[in-house]
2 protein chains.
Amino acid sequence: MGVAKKELFTKEQNQIAAIAKALSHPARIAIVQALLKSDACVCGYLVEQTGLAQSTTSQHLKELKNAGIIKGSVEGVNVCYCIDEKNWNKYKQLFNKFFAAFENTDKQCC
Amino acid sequence: MGVAKKELFTKEQNQIAAIAKALSHPARIAIVQALLKSDACVCGYLVEQTGLAQSTTSQHLKELKNAGIIKGSVEGVNVCYCIDEKNWNKYKQLFNKFFAAFENTDKQCC
DNA sequence: ATATTTAATCGCAATATTACGATTAAATAT
DNA sequence: ATATTTAATCGTAATATTGCGATTAAATAT
């Protein structure tokens with residue numbers, strides 16, 4: 001085993017889980033926040049920001065990219081990363097909606 | 001290794017990552033959504049909802065509980081779970097803030 | 001008292017994640 | 001042409017996650 005049974009769940013449940021998974025490591029949160037805050041975006045800068053080895057940071061960047069949270073473009077000898085604006089807004093809505101679903105607080109079953 | 005280097009990151013980064021981790025499996029999203037939607041909350045009902053074995057579901061419930069997302073209380077022979085309202089609102093704010101940080105879209109570095 | 005129901009925990013196997021050093025590939029300097 | 005810089009990928013080790021069946025513990029029925 002060790003592999004999640006995605007077929008049991010809805011597309012939306014799997015999507016929320018997949019984005020949450022991409023955000024489930026502090027280094028990846030640090031990377032995203034660095035991209036949100038700063039104008040710098042080259043890979044080397046992000047390696048500094050994480051404090052992890054270059055290869056490890058590169059792996060984290062790959063995961064964020066696969067999830068659609070960031071995108072990268074080659075700039076000469078550097079690679080520049082930034083937030084994928086379109087997906088970011090989509091994911092933002094998805095999570096806002098997920099968290100907003102707790103409202104009708106009239107159920108007192110516990 | 002295989003163990004995240006939490007000491008490199010801020011408390012906030014670790015907290016966001018920890019909550020995201022708790023939400024990083026579709027079964028756990030399904031459980032939370034079931035608790036948000038329905039009045040039913042006993043463990044057995046949640047086992048049905050996930051479609052996973054009782055022991056597996058119990059494990060997922062434990063993770064959600066450890067993260068502070070849900071709480072459980074014994075009701076006779078049953079255990080009733082529900083959303084931890086106080087933490088939920090805290091986490092909601094935390095994620096809203098995190099996703100809202102993308103606004104000043106004037107940086108065109110990529 | 002004994003049986004039944006419910007849910008947590010244990011033990012295990014399969015797989016995934018995290019991390020690093022070493023290597024590779026591509027672009028730019030010298 | 002050769003060296004240097006930058007970042008991706010490979011290989012590997014340590015650890016974590018996912019899932020299930022079996023067992024255990026606690027409450028309630030019979």
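Letters A, B, ... are given to chains in the order of the sequence lines, protein chains preceding strands, and every chain is numbered from 1. Everything quoted here is computed from the prediction, not taken from an experiment.
Between A:Glu12 and A:Lys97 there is a salt bridge, with a side-chain nitrogen of the basic residue lying less than 4.0 Å from a carboxylate oxygen of the acidic one.
Using the Watson-Crick or G-U wobble rule with both distances under 3.5 Å, D:dA16 pairs with C:dT15. Judged by Watson-Crick or G-U wobble contacts below 3.5 Å, the nucleotide C:dA29 has D:dT2 as its partner. Figure legend. C:dG21 is base-paired to D:dC10; pairs are counted as Watson-Crick or G-U wobble with both atom distances under 3.5 Å.
Under the 2.5 Å SG-SG cutoff, A:Cys43 and A:Cys80 do not qualify as a close cysteine pair.
The phosphate of D:dC20 (OP1 or OP2) has no side-chain N or O of B:Ser55 nearer than 4.0 angstrom. Proximity of B:Thr56 to the phosphate of D:dC20: a side-chain N or O atom is located under 4.0 Å from OP1 or OP2. Contact check, B:His60 against D:dT17: no side-chain N or O comes under 4.0 Å of OP1 or OP2. Distances shorter than 4.0 Å separate none of the side-chain N or O atoms of B:Asn78 from OP1 or OP2 on D:dA27.
You'll find that the side chain of A:Cys43 is closest to D:dA8, out of D:dC20, D:dT18, D:dA8. If you check D:dA7, C:dA7, C:dG21 against the side chain of A:Ala53, the one that comes closest is C:dG21. Comparing C:dT18, D:dA8, C:dA19 by their nearest atom to the side chain of A:Tyr81 picks out D:dA8. Distances were taken from every side-chain heavy atom of A:Leu61 (C-beta onward) to each of C:dT6, D:dG19, D:dA8; the shortest belongs to D:dA8.
At whole-Å resolution of the value, CD1 in A:Ile70 and P in D:dA7 are 13 Å apart. Note: CD (B:Glu63) to P (C:dA8) measures 13 Å, nearest angstrom. Rounded to whole Å, atom C1' of D:dT18 lies 14 Å from atom CG of B:Leu64. Rounded to whole Å, the distance from CG on A:Leu8 to P on D:dC20 is 8 Å. Residue B:Gln59 contributes atom CD, which lies 14 Å from atom C1' of D:dA22 at whole-angstrom precision. One interatomic measurement links the two molecules: CD of B:Glu75 to P of D:dA26, which rounds to 19 Å at whole-angstrom precision. A straight line from NZ of B:Lys6 to C1' of C:dA19 spans 15 Å, rounded to a whole angstrom. Following rounding to the nearest Å, A:Phe9 (CZ) and D:dT18 (P) show an atom-to-atom distance of 11 Å.
Side chains of A:Ser24 and B:Ser24: no donor on one and acceptor on the other come within 3.5 Å.
When the shell of 6.0 Å around NZ of B:Lys92 is examined, it contains more than 12 heavy atoms from other residues, nucleotides or ligands.
Sequence order on DNA chain D of the closest nucleotides to A:Lys62 and B:Leu52 puts A:Lys62 first from the 5' end. Between A:His25 and A:Val77, the residue anchored closer to the 5' end of DNA chain C is A:His25, taking for each the nucleotide with the nearest heavy atom. Of the two residues contacting DNA chain C, namely A:Gly51 and A:Val74, the nearest-nucleotide position lying further toward the 5' end is that of A:Gly51. Remark on DNA chain D: of its neighbouring residues A:Gln54 and B:Lys21, the 5'-side contact belongs to A:Gln54, judged by nearest-heavy-atom nucleotide.
With ring centers used as reference points, B:Phe99 lies under 6.0 Å from A:Phe95.
Between B:His25 and B:His60, the ring-plane angle classifies as tilted under the 30° and 60° cut-offs.
Using a 4.0 Å heavy-atom cutoff across all strands shown, A:Lys65 reaches no nucleic acid atom at all.
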